[in-house]
Structure formats: C-alpha cells, structure tokens
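Data block below; observations after.
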There are 2 protein chains.
Amino acid sequence: MARPKLQDVATRAGVSVTTVSRVLNNRGYLSDEVRARVNAAIAELGYRPDGIARSLIGRKSGLVGVIVPTVADPFFGELVAAIENALAERGYKVLLCDCQENPEREAEYLDLLQANRVDGVITSTHNREVRGYDAAELPLVAVDRRIGPRVPIVRGDNAAGGRLATEHLLARGARRPLLVTATDHPGNDRARAYRDVVAAHGIEPRVRAYGYSTPADERRALIETWLAETGADAVFATDDLTALMALEWAHKTGRRVPDDVRIVGYDGSAAVRLGMPGLTTVRQPIARLGARAAELIVDRIADPDAPPAAEPPLPVELRLGWTS
Amino acid sequence: MARPKLQDVATRAGVSVTTVSRVLNNRGYLSDEVRARVNAAIAELGYRPDGIARSLIGRKSGLVGVIVPTVADPFFGELVAAIENALAERGYKVLLCDCQENPEREAEYLDLLQANRVDGVITSTHNREVRGYDAAELPLVAVDRRIGPRVPIVRGDNAAGGRLATEHLLARGARRPLLVTATDHPGNDRARAYRDVVAAHGIEPRVRAYGYSTPADERRALIETWLAETGADAVFATDDLTALMALEWAHKTGRRVPDDVRIVGYDGSAAVRLGMPGLTTVRQPIARLGARAAELIVDRIADPDAPPAAEPPLPVELRLGWTS
DNA sequence: CTGAAAGCGCTTACAG
DNA sequence: CTGAAAGCGCTTACAG
C-alpha cells in the first residue's frame with residue numbers, strides 16, 4: 001500500500017482527521033477511548049506524519065542549513081558533527097552545504113537554503129565577499145567569522161591561543177619563530193597575538209599567509225619554501241594540517257624535531273589527536289563551539305529580533321606533544 | 001514585507017498564478033510578452049518559489065539522507081563532501097545524519113528521514129543489527145556495507161587493497177606482520193586478503209580486531225598491547241588513524257620505522273595525505289565512491305524497481321611513504 | 001496561449 | 001469532547 005495518510009488513520013479509527021491530528025499533537029481534550037483507538041490505528045497502519053505537509057503549515061521546517069568550507073577537513077567535520085548532534089537533540093535537522101572551498105557556491109547555497117525554508121543558518125566559511133547575508137532575513141549564527149553587526153559569532157579564544165602558542169615556542173628556546181596562517185588581516189587574532197608576543201620579546205615577526213583557497217599541494221610547496229628561506233627555528237601554524245606539513249618537511253630535510261625546529265599547530269581535532277598525538281597544538285573546544293552555535297541558532301529562531309548578545313570566546317588549551 | 005508568494009507575483013504581473021507557475025517551470029506555451037512581464041515581477045519582488053510547497057505536490061522533496069558513523073572521521077568527512085557535491089550537481093540536497101558511532105541513532109534517523117520524505121538514503125555505517133532497512137520502502141544505496149539483496153553496494157576493491165598492503169609488507173622484509181582491523185568477520189575482504197597472502201608465504205596470520213564502537217583511547221591502548229605482545233615487525237591497519245596510532249607507538253617506544261617495524265594504513269583521505277604524506281597506505285578512491293553512490297541513488301530514485309546491478313569494486317592504489 | 005479549480009497532507013480556528 | 005471547513009504555497013489536469 002501507498003504511504004498511509006491522516007485520512008486513512010481517521011477512517012480506520014472511525015473518527016475525523018481533526019481528531020487524529022489532535023492525538024498526534026496532543027492538543028485539546030480527547031477521551032481516552034478515542035485516543036486509544038487512534039493510536040491503535042496509527043500503529044496498525046504504520047502511519048508517520050508527513051513532515052513536509054507539517055512544514056507547509058507551521059512557519060517552520062525544522063531544518064537548519066550548515067555552511068562549511070568542507071567537511072573533508074577534520075576540524076569542520078568535527079564541528080559539523082557537534083552541530084548536528086546538538087541540533088538533533090533539539091528536534092532540528094541539518095541541511096549540509098559543503099562549499100568545497102568555493103566562494104561562489106556559498107551564495108548559491110544561501111539562496112537554496114531560503115528556497116527550502118530552512119529555519120536558520122549556521123555558517124563557518126571564511127569567504128569575505130559573499131553577498132546575500134544582509135539581504136537574507138534569516139536567523140543566522142557565524143562560527144569564528146564576522147558577518148555583520150546583528151550576527152552572533154561563536155569562537156574560541158584566538159588571542160589567548162595565539163599567545164599560548166607563541167609564548168610556548170619562545171619558552172622552548174625559539175628565537176626565529178615563523179607564523180604560518182591563512183590570511184594576515186586585522187581580524188586574525190591569532191596572528192595579532194603572535195606579533196604582540198614576539199614584539200614583547202624583542203623578536204622580529206616572521207609571518208607568511210597562503211590564502212584560504214590555495215590548493216593543498218601549492219600550500220605545501222609554499223610552506224616548504226618559507227621554512228627554508230626564513231631559517232625558522234620554530235613554526236606556529238594556525239591549523240594542524242599546516243603544522244603537519246611543516247613536520248613532514250622537517251622529516252624530509254633531516255631536521256630534528258624539536259631540537260632544530262619546534263612545531264605548534266592549532267585546532268586539535270579528534271582526528272589529529274588520534275593520529276598525531278605527538279603534535280603540540282592549541283586545542284579548540286570544537287564540540288562546545290558546535291553545541292553553542294546550535295543553541296544560539298535555536299534561540300534566534302525562537303526570537304529572531306532579540307539583539308545578539310556578545311558571545312564570550314570559548315577557552316582554548318595548549319596541548320603538549322613531542323614536536324615542541 | 002513578508003516573503004512574496006506566487007499570488008503576489010501573479011497580481012503584480014497581472015496574470016494568473018497558473019501562468020506564473022508555467023513561467024517558473026517552463027512548461028506549456030507562453031507568449032514572450034507574458035513571460036517577460038512575469039520574470040520582471042519575480043525579479044522586482046525577489047520572489048523565490050517555496051521548496052516545501054513544491055515538495056508537497058510532486059512526489060519528491062529533493063532531499064537525500066546521508067547516514068554516516070561520523071563526519072568527524074576524515075574518511076567519512078571526505079566521503080560526505082563528495083556525495084554532497086555530486087548530489088548538488090543533480091539538484092539534490094543532503095540531510096546529514098551523523099550517528100556519533102551510536103547504532104541506536106541509526107534506526108531513529110531512518111525513521112526521521114522517512115517522515116521528512118527524503119527521496120532516498122545513502123548509508124555508510126557498519127552497524128550490523130539495524131532493523132528498519134527492509135521495512136523502509138525507500139531507494140537505498142550502501143557504501144561498503146551489505147544491507148540486503150536489493151541494495152546496491154558501492155565500494156573500493158578491498159580484496160585488492162588487502163593483498164597490495166600485505167604483499168608490500170612481505171616484500172619489504174616483514175616476517176611477522178600484524179593485521180589490525182575493526183572486526184574480523186567473513187565479509188571483511190581486507191582481512192581475508194591478508195590471510196590468503198600470508199598463508200601463501202607460509203607465514204602464520206596475526207589478527208587483532210577492536211570492534212567499531214571502541215572509544216579512541218581504549219583502541220590506542222589495545223593496539224599498543226597487541227603490538228608489544230605479538231612482536232610484530234610490521235602492521236597492516238585497515239584504517240589510517242589506527243596506522244598512525246601504531247606509528248606513534250613506535251615513536252614512543254623508540255622503534256625505528258620502517259627498519260624495526262613497517263606500517264601500512266588504509267583509506268588515504270586527503271587530510272591524512274596532507275598531514276602525513278609519509279604514511280604508506282592503500283588509497284581508496286573516496287571522491288569516486290561518493291560520486292558513484294550519488295549517481296546510484298539518483299538512478300534508483302528515478303526508477304526504484306530496477307533490479308540493482310552488481311557494482312564492480314572501484315580500484316584502490318598503494319601509496320608509498322617512508323613508513324614501510 | 002491563458003485561467004479557474006482541485007488537490008498535495010496536514011493544522012487550526014470556529015462551531016456544535 | 002469531536003467534526004466540517006478553510007488554508008499553508010504551490011502544480012496540474014481540464015476548459016476555453
């Protein structure tokens with residue numbers, strides 16, 4: 001038989017569709033007898049309410065769009081897992097938008113999400129020129145990204161993380177620490193902290209930025225060039241994969257780690273902690289970031305006009321390995 | 001103003017809703033003049049059709065459920081990215097179901113997906129006792145997992161992969177190669193290949209299985225125990241994270257790699273290739289697995305009753321690093 | 001070439 | 001305590 005509908009249940013239970021709907025939604029008064037009969041009919045038919053029809057009526061679809069650069073990156077994979085988990089607990093489903101690191105797709109996705117009436121969007125990409133977020137009259141939450149004045153930002157304490165990493169490298173004897181990061185713009189608090197710390201120690205900053213959309217191979221080549229040309233005796237990479245590239249370079253070129261070159265990464269995703277527990281890294285509270293973003297978007301969906309409170313950055317932690 | 005609806009566009013263009021719908025769907029005859037007027041109205045109003053309403057009418061929602069153990073694992077993250085990408089090209093959206101490695105959630109998700117009228121489901125978990133897949137009259141595609149006779153399986157060539165890895169270790173001089181895998185059941189072609197190859201060389205098999213749901217820390221402890229107790233001079237791990245745990249153990253215990261112990265992993269996700277290019281591993285064609293799964297589910301949605309053709313396993317490739 | 005009307009599967013005032 | 005009817009925003013035969 002085709003999927004049973006409300007009417008089928010009603011017929012079988014000998015009541016009206018209204019009554020069935022009431023039982024389903026547990027609203028209004030119902031005699032126990034009717035309730036029991038309806039529930040029996042539901043069970044017998046294996047009836048399941050059609051979420052689509054429900055969405056069409058209520059204002060909400062129960063869907064939250066999650067836009068990420070790509071879940072192939074363990075940091076974002078773990079973040080999305082946490083978001084999905086927290087949203088599922090609250091009855092929301094995740095429509096995944098994986099931009100494949102491509103800024104154009106982000107704008108398309110935003111459109112698509114609105115067409116599909118998502119109740120809200122969590123975005124965590126770093127494209128700086130995506131239009132459409134202002135126009136979108138959607139509840140929005142950003143993860144570690146500035147969208148606009150009305151969009152709350154969930155993030156780790158980047159300033160503290162940058163400081164921890166840099167101070168640690170200096171404490172371990174580094175005198176020529178190199179910062180490798182995605183972009184070196186003013187909003188990059190990890191870079192700023194690095195600069196502040198080295199300046200306080202009278203050390204000249206060495207900063208290299210590869211840009212978000214640099215393909216992995218190119219990035220690796222760049223990093224290897226930089227490591228060689230700067231004569232760095234330490235590397236602070238603002239993500240773990242980059243740190244691991246530096247580690248690999250050291251291995252290939254016969255440098256001893258940490259004696260010749262100390263290495264600190266950033267993020268501390270479960271995958272990296274599992275696979276490379278030896279990597280010293282600044283561990284972000286990824287699960288908490290995801291959970292908090294989920295909470296916030298649910299709040300904003302409930303009350304879209306509430307002025308966004310400033311989110312205190314979540315604490316990060318230096319995790320020591322043998323690479324430093 | 002509230003989100004404009006079809007009626008608003010019709011009023012503005014001075015036509016009926018039927019006509020607007022025709023323009024939108026490009027069906028039936030339309031004078032160029034009307035078409036232009038309608039398009040202008042759409043643009044002026046910033047109208048976007050409501051996907052929910054469309055879904056309610058057509059039989060399809062344009063949604064595909066993707067069930068994974070967790071996207072926090074780089075292999076599944078990359079797989080999901082590939083699936084999402086391929087589905088997006090075909091006009092489908094992904095409803096992400098991250099089971100957090102928890103079998104119970106899989107059954108709940110299956111329910112939820114049906115309630116939300118997804119057009120099909122791609123599943124890639126390895127829970128063996130999940131009920132509901134038979135009852136679900138949904139188009140279904142499995143990735144590297146046996147669900148039932150009518151469900152096509154997309155997978156890499158596990159037998160070839162197991163053979164490549166094991167033969168390679170023996171060729172490098174291993175005489176006591178240890179296989180570390182999730183479960184050692186008859187359907188595990190990687191394990192079977194390992195056994196066949198060592199048997200052909202007159203070597204006694206050493207196999208250890210940790211079970212899918214073993215938490216990371218426990219898994220690490222197990223692996224370290226096994227490595228020590230078996231006196232292995234080589235490890236074939238059927239996933240890269242496990243291989244990296246072995247590598248870490250070697251580092252901690254002062255073993256030289258590959259001289260004292262050779263290590264080969266499995267999967268070769270981009271994250272691992274990026275972060276640990278030195279790891280010898282069997283590289284799965286993750287992007288192709290995802291793309292193929294997407295193709296298949298779209299086909300099955302179009303023709304749910306077509307008998308599933310046997311999918312030839314996709315080729316894998318041994319990637320040499322310095323760990324072997 | 002264009003429109004009025006029915007209907008997708010539900011929920012929700014409004015009656016009774 | 002229960003039901004008939006309208007309506008969510010679209011599409012699609014069916015007329016004209």
Side-chain angles (χ1 to χ4, degrees), chain A residues 1-42 45-63 91 112-119, chain B residues 1-42 45-63 91 112-119:
Chain A
M1 188 182 89
R3 173 180 183 137
K5 51 171 78 170
L6 202 62
Q7 181 60 252
D8 300 322
V9 177
T11 306
R12 179 154 197 135
V15 297
S16 72
V17 293
T18 309
T19 301
V20 180
S21 176
R22 282 215 190 79
V23 173
L24 247 25
N25 297 293
N26 205 14
R27 63 182 357 247
Y29 298 93
L30 294 158
S31 67
D32 287 350
E33 196 261 321
V34 164
R35 194 191 298 273
R37 227 163 57 212
V38 169
N39 279 325
I42 288 174
L45 260 36
Y47 171 75
R48 215 180 334 232
D50 185 325
I52 301 277
R54 287 181 151 179
S55 307
L56 187 55
I57 293 173
R59 320 196 59 66
K60 46 171 305 210
S61 61
L63 250 31
L112 179 119
L113 289 174
Q114 290 180 269
N116 284 278
R117 274 229 211 144
V118 295
D119 296 331
Chain B
M1 188 183 90
R3 173 179 182 137
K5 50 170 78 170
L6 202 62
Q7 181 61 63
D8 300 321
V9 178
T11 306
R12 178 156 196 131
V15 298
S16 72
V17 292
T18 309
T19 301
V20 179
S21 176
R22 283 215 190 79
V23 173
L24 247 25
N25 296 292
N26 206 11
R27 62 183 356 247
Y29 297 92
L30 295 158
S31 67
D32 286 349
E33 198 260 321
V34 164
R35 192 190 300 272
R37 228 162 58 212
V38 170
N39 279 325
I42 289 174
L45 260 36
Y47 171 76
R48 219 183 328 240
D50 185 325
I52 301 277
R54 286 181 153 179
S55 307
L56 187 54
I57 293 174
R59 321 196 59 66
K60 47 171 306 211
S61 60
L63 249 31
L112 179 118
L113 289 174
Q114 289 180 270
N116 283 278
R117 273 229 211 143
V118 296
D119 296 331

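Using modelled atom types, no side-chain atom of B:Asp8 and backbone atom of B:Pro4 make a donor-acceptor pair closer than 3.5 Å. Judged purely by atom type and a 3.5 angstrom limit, B:Thr19 has no side-chain atom pairing as donor or acceptor with the backbone of B:Val15.
Whole-Å rounding puts the B:Leu45 CG to D:dG9 C1' distance at 15 Å. Going from atom CG of B:Asp8 over to atom C1' of D:dC8 covers 14 Å, rounded to whole Å. In this entry the distance linking CG of B:Asn116 with P of C:dG9 reads 16 Å, nearest Å. Atom CD1 in B:Ile57 sits about 10 Å away from atom P in C:dC8, given to the nearest Å. Regarding A:Leu6, its CG atom lies at a distance of 13 Å from the C1' atom of C:dC8, rounded to whole Å. In this entry the distance linking CZ of A:Arg54 with C1' of D:dC10 reads 20 Å, nearest Å. Counting to the nearest Å, the P atom of D:dC10 and the CG atom of B:Leu56 are 12 Å from each other. Note: CZ (A:Arg48) to C1' (C:dG9) measures 15 Å, nearest angstrom.
Atom CG of A:Asn116 is separated from atom OG of A:Ser55 by 10.5 Å, given to the nearest 0.5 angstrom.
Residue pairs satisfying the salt bridge (charged side-chain N to carboxylate O under 4.0 Å, His left out) criterion with at least one member in residues 21-31 of chain A, sequence neighbours excluded, are absent.
With sequence neighbours left out, the salt bridge (charged side-chain N to carboxylate O under 4.0 Å, His left out) criterion links B:Arg12 to B:Glu44. Taking B:Ser31 as the reference, B:Glu33, B:Val34 meet the side-chain contact (heavy atoms from CB on, under 4.5 Å) condition, with sequence neighbours excluded. Residues passing the salt bridge (charged side-chain N to carboxylate O under 4.0 Å, His left out) test with B:Arg35, sequence neighbours excluded: none. The side-chain contact (heavy atoms from CB on, under 4.5 Å) test applied to A:Leu24 returns A:Leu6, A:Val20, A:Ile42, A:Tyr47, A:Pro49, A:Arg54, not counting sequence neighbours. Partners of B:Thr18 according to the side-chain hydrogen bond (donor to acceptor under 3.5 Å, both in side chains) rule, which considers only residues two or more places apart in sequence or in another chain, do not exist here.
With C:dT2, C:dC10, D:dT11 as the choices, the nucleotide that has an atom nearest any side-chain atom of B:Val34 turns out to be C:dT2. The side chain of B:Ser31 sits closest to C:dC1 out of D:dG3, C:dC1, C:dG3.
Only B:Thr18, B:Thr19, B:Arg22, listed by number, bring a heavy atom of residues 17-27 of chain B to less than 4.0 angstrom from any atom of DNA chain C.
Using a 4.0 Å heavy-atom distance criterion, B:Leu30 is classed as a sugar-phosphate-only contact.
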Checklist entry - For DNA chain C, what string of dots and brackets results from 5' to 3' when Watson-Crick and G-U pairs need both distances under 3.5 Å, crossing pairs get [ ], and pairs with another strand get |? => result |||.||||||||.|||

